[in-house]
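Please read the structure below before turning to the comments.
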Amino acid sequence: MSKMNKVVITEFGDESKLAVVEDDLPGPAAGEVQLSVEYSIVSGSDVNMRRGTYPFQRKAPLTPGYSVLGKVRVNGKGCTKFKVGDRVACLSKCDGQAELINLPERFLVRVPGGVGLKAAVSLVLDWVTDYQMLHHAAHIKSGQKIFVHGLRGRVGVALLSLGRIQGAQVFGTGPLSKHEELRKLGAVPFDYSNKNWITAMQKLGGVDPVFDPLG
């Protein structure tokens with residue numbers, strides 16, 4: 001059992017429902033690894049959990065922290081993949097905003113040396129989501145055309161970057177003030193405040209998948 005500080009959503013609501021408390025964390029169970037947390041994130045999912053609106057979430061009180069990065073502190077029984085002191089990251093979903101966390105070894109990913117730690121932990125949620133959509137849902141191939149609503153959001157930027165790496169042509173909607181920036185990143189942007197993009201894309205023969213965060 002180890003003492004630690006952690007963030008707690010005491011009940012659902014605004015920022016006033018967050019508290020930092022001291023708690024005990026048991027040692028890792030078989031198949032788990034205990035991390036000393038260096039960085040976690042505050043994502044839109046964490047905010048929605050605080051509000052009590054995230055799908056299938058735990059009831060309050062709970063500790064948020066959808067992604068986490070830290071060093072291996074203790075290996076549970078049967079865990080041999082990482083050494084004590086190795087730096088790893090994980091899509092934790094909960095409990096990341098704490099000094100210590102126990103996580104299944106099979107979900108941990110080694111963090112390469114030389115990578116910025118804040119950048120690394122911020123990649124886990126949004127960029128894994130986009131990678132899964134591009135490669136496992138849409139099966140994007142080089143030369144295909146994709147359309148992204150919300151190109152300037154975090155998920156949109158990741159879809160743009162990963163799509164370009166895959167060799168796709170990337171079209172999408174975004175604010176006019178960001179169009180020049182999006183063009184430099186390799187996208188063909190359209191103004192989301194009108195429907196002109198529909199006719200433009202029809203003239204181009206349509207696209208393969210459309211990624212639409214608004215449903």
Side-chain angles (χ1 to χ4, degrees), residues 1-79 82 84-111 115-133 150 152-159 212-215:
M1 195 76 72
S2 299
K3 290 283 186 185
M4 66 165 184
N5 291 314
K6 66 179 184 179
V7 175
V8 173
I9 298 169
T10 56
E11 58 183 298
F12 298 137
D14 61 17
E15 296 89 340
S16 68
K17 306 305 180 183
L18 295 172
V20 177
V21 303
E22 186 179 76
D23 199 5
D24 293 318
L25 182 70
E32 289 185 338
V33 173
Q34 186 172 103
L35 306 184
S36 293
V37 176
E38 295 176 288
Y39 289 100
S40 184
I41 64 170
V42 179
S43 68
S45 302
D46 294 308
V47 172
N48 286 333
M49 283 190 192
R50 190 198 71 220
R51 294 168 174 162
T53 60
Y54 192 77
F56 310 112
Q57 73 176 80
R58 297 180 192 172
K59 296 179 180 179
L62 74 151
T63 293
Y66 218 101
S67 302
V68 65
L69 181 149
K71 290 183 177 180
V72 173
R73 184 170 184 263
V74 181
N75 276 309
K77 183 178 180 181
C79 293
F82 305 104
V84 171
D86 283 353
R87 183 170 279 124
V88 296
C90 185
L91 187 71
S92 48
K93 191 170 181 179
C94 292
D95 299 321
Q97 293 176 21
E99 292 179 318
L100 303 173
I101 186 172
N102 294 328
L103 291 164
E105 181 191 53
R106 68 185 187 277
F107 295 152
L108 302 180
V109 177
R110 192 182 304 276
V111 177
V115 173
L117 304 186
K118 292 181 182 179
V121 75
S122 68
L123 290 175
V124 176
L125 175 57
D126 294 332
W127 288 65
V128 167
T129 299
D130 291 315
Y131 185 90
Q132 297 278 18
M133 288 194 293
R152 195 56 188 85
R154 288 183 303 175
V155 172
V157 169
L159 280 168
D212 180 6
L214 301 179

**OP:** Return the set of residues passing side-chain contact (heavy atoms from CB on, under 4.5 Å) with F12 (not counting sequence neighbours), or none when no residue passes.
**Re:** I9, Q57, A60, L62
**OP:** Mind checking the CG-CZ spacing from L35 to R73? Nearest 0.5 Å is all I need.
**Re:** 10.5 Å
Original post:
Can you find a heavy atom in the side chain of V68 that is under 4.5 Å from one in the side chain of Y39?
Top reply: no
**OP:** Taking all heavy atoms of A98 and all of K6, pick out the closest pair and write down the distance.
**Re:** CB-CB, 3.5 Å
Subject >> Chi angles and distances behind the salt bridge (Lys or Arg N to Asp or Glu O under 4.0 Å) call for K3, D24 >> reply: CA-CA 5 Å; K3 290 283 186 185; D24 293 318; 3.3 Å; yes
Subject >> Closest contact, heavy atoms only, N75 versus V72 >> reply: OD1-CG1, 4.1 Å
Original post:
Of the non-hydrogen atoms in G70 and E38, which two are nearest, and what is the gap between them?
Top reply: CA-OE1, 3.6 Å
Original post:
What are the two closest non-hydrogen atoms of V121 and I41, and how far apart are they?
Top reply: O-CG2, 3.7 Å
Original post:
Considering all heavy atoms of both residues, which atom of V88 and which atom of V111 are nearest to each other, and what is their separation?
Top reply: C-CG2, 3.6 Å
**OP:** Decide yes or no for T63 and D23: does some side-chain heavy atom of the first lie under 4.5 Å from some side-chain heavy atom of the second?
**Re:** no
Subject >> Spacing of CG belonging to L18 relative to CZ belonging to R50, to within rounding of 0.5 Å >> reply: 6.0 Å
Original post:
Where do V37 and M4 land on the side chain to side chain contact (heavy atoms under 4.5 Å, CB included) test, with the steps shown first?
Top reply: CA-CA 11 Å; V37 176; M4 66 165 184; over 6 Å; no
Subject >> Atom pair NZ/CG of K118 and L123 - distance to nearest 0.5 Å >> reply: 14.5 Å
**OP:** Hey, could you give me each pair passing side-chain hydrogen bond (donor to acceptor under 3.5 Å, both in side chains) that has a residue in residues 91-105? Not counting sequence neighbours.
**Re:** Q34-N102, R58-D95
Subject >> Check: V157 main-chain N/O paired with R152 side-chain donor or acceptor under 3.5 Å >> reply: no
Original post:
With distance as the sole test, does S40 use its side chain to make a donor-acceptor pair with the main-chain N or O of S67 at under 3.5 Å?
Top reply: yes
Subject >> Shortest non-hydrogen contact between S122 and W127, atoms and distance >> reply: O-CD1, 4.5 Å
**OP:** Return yes if a side-chain donor-acceptor contact under 3.5 Å exists between D46 and S43, otherwise no.
**Re:** yes
Subject >> Full working for side chain to side chain contact (heavy atoms under 4.5 Å, CB included) between L103 and V33 >> reply: CA-CA 5 Å; L103 291 164; V33 173; 5.9 Å; no
Original post:
Are C90 and L108 side-chain neighbours, meaning at least one heavy-atom pair lies under 4.5 Å?
Top reply: yes
**OP:** Any chance you could measure R51, atom CZ, to E15, atom CD, to the nearest 0.5 Å?
**Re:** 8.0 Å
